[in-house]
A.B. asks: 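Quick one: the structure is below, and I'll ask about it shortly.
First listed ligand is number 1; within each ligand, the first listed atom is number 1. Counting begins at 1 with the first residue of the sequence.
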Amino acid sequence: MKKNLKALLADKLKPQELELISKSYDIIGDIAVIRITESLKKHNRIIARAIMQTHKQVKTVCRQITPVSGDFRLRNLEFVLGERKTETLHREYGCIFKVDLGKCYFSPRLSYERMRIAQHIQQGETILNMFSGVGSYSIIIAKHSKPKKIFSIDINPTAIQYMRENIKLNKIEERVIPIQEDSRKAIEERFPKVADRVLMPLPERAHEYLGSALLALNPNGGWIHYYAFEHAKRMEDPIEKTRTKVSEKLHTLDADFEVTFGRVVRTTGPNWYQVVLDIRLKN
Ligand SMILES: C[S@@+](CC[C@H](N)C(=O)[O-])C[C@H]1O[C@@H](n2cnc3c(N)ncnc32)[C@H](O)[C@@H]1O
């Protein structure tokens, strides 16, 4: 597919520009989101047309004009070509996600990670997802493993509205429970000591919420899946850097724990990485 895109653009862009383009777009349902530099902006429509020719399912092309930011982790999108819309239906591992890309966070680049977590779940577990968005992790887990309940918290009312719809679309009403609230408050007031496993997919700020994650866990112990962004120079290991920071924090919280696994989920910029750690809490 990408080869085709390069062929379509070969006489319009320089080879290094082509290389950049082929790595800098995502397809979510029938919407392509391109992230291109200001210098390539003048080629917006040509690039969008080539993407639509290469990926026949794409009906809309938008350009991401700001980084993901704010409490709701949103990005500003500018319409480029096709149907003017930001809502789409995305399919992943047999699940359907309805999402408005202008009003909720969603990334198809986390699909492997979502399935990796689903494969860890033991039958009958209670899971608490502190930052659920439109329900992407919770729904993949509910469909591909056998948890008892997944309490799925998010502070963004629009994300919760889509999560409710996605729960119905995927027919998992009994297992995924949407909760619109700040996760710290929800855990303190309603969900202390309930979970066998806590998910923390808010890499910018998960560190601040580690105390709440511990509070949510069953006193017999359990698991935390912790996400972070980490900077690492050439000779540095982003996983080790994350492990050191998290371990320091968990020691200050008097936790008895073991980091059993870590990996780079994706590269997010020059020398920047998204890292996940699987942490086992003992009782
Ligand atoms: C990076 S997104 C991840 C969403 C989802 N897990 C996914 O991967 O598609 C983080 C989510 O956390 C939510 N969020 C941010 N701060 C929060 C808080 N204090 N309590 C609950 N949700 C929060 C945002 O609204 C956003 O939907």
A.B. asks: Name the residues with a heavy atom less than 4.0 Å from ligand 1?
C.D. replies: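 Within the 4.0 Å shell of ligand 1, which is judged on heavy atoms, sit Asp71, Phe72, Arg73, Tyr105, Leu110, Arg114, Met130, Phe131, Ser132, Gly133, Ser136, Tyr137, Asp154, Ile155, Asn156, Glu181, Asp182, Ser183, Pro201, Leu202, Tyr209.
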A.B. asks: Quick test of your reading of the model: are Glu230 and Lys245 salt-bridged, counting only N-O distances below 4.0 Å?
C.D. replies: yes
A.B. asks: Could you tell me whether Glu19 and Lys6 have a side-chain N and a carboxylate O separated by less than 4.0 Å?
C.D. replies: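 Yes, Glu19 and Lys6 are salt-bridged.
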A.B. asks: Quick test of your reading: applying side chain to side chain donor-acceptor pair (under 3.5 Å), list the pairs with at least one residue in residues 155-168, sequence neighbours left out, ordered by first then second residue.
C.D. replies: Glu87-Tyr162, Lys98-Glu165
A.B. asks: Can you list every salt bridge (Lys or Arg N to Asp or Glu O under 4.0 Å) pair that touches residues 121-134, not counting sequence neighbours?
C.D. replies: Glu125-Arg197
A.B. asks: Give the other cluster members for Ile155, using side-chain heavy-atom distances under 4.5 Å between Ile, Leu, Val, Met, Phe, Trp and Tyr residues; answer none if it is isolated.
C.D. replies: Phe72, Leu74
A.B. asks: Determine, for Arg63 against Glu78, whether the closest basic-nitrogen to carboxylate-oxygen distance falls under 4.0 angstrom.
C.D. replies: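 So Arg63 pairs with Glu78 through a salt bridge.
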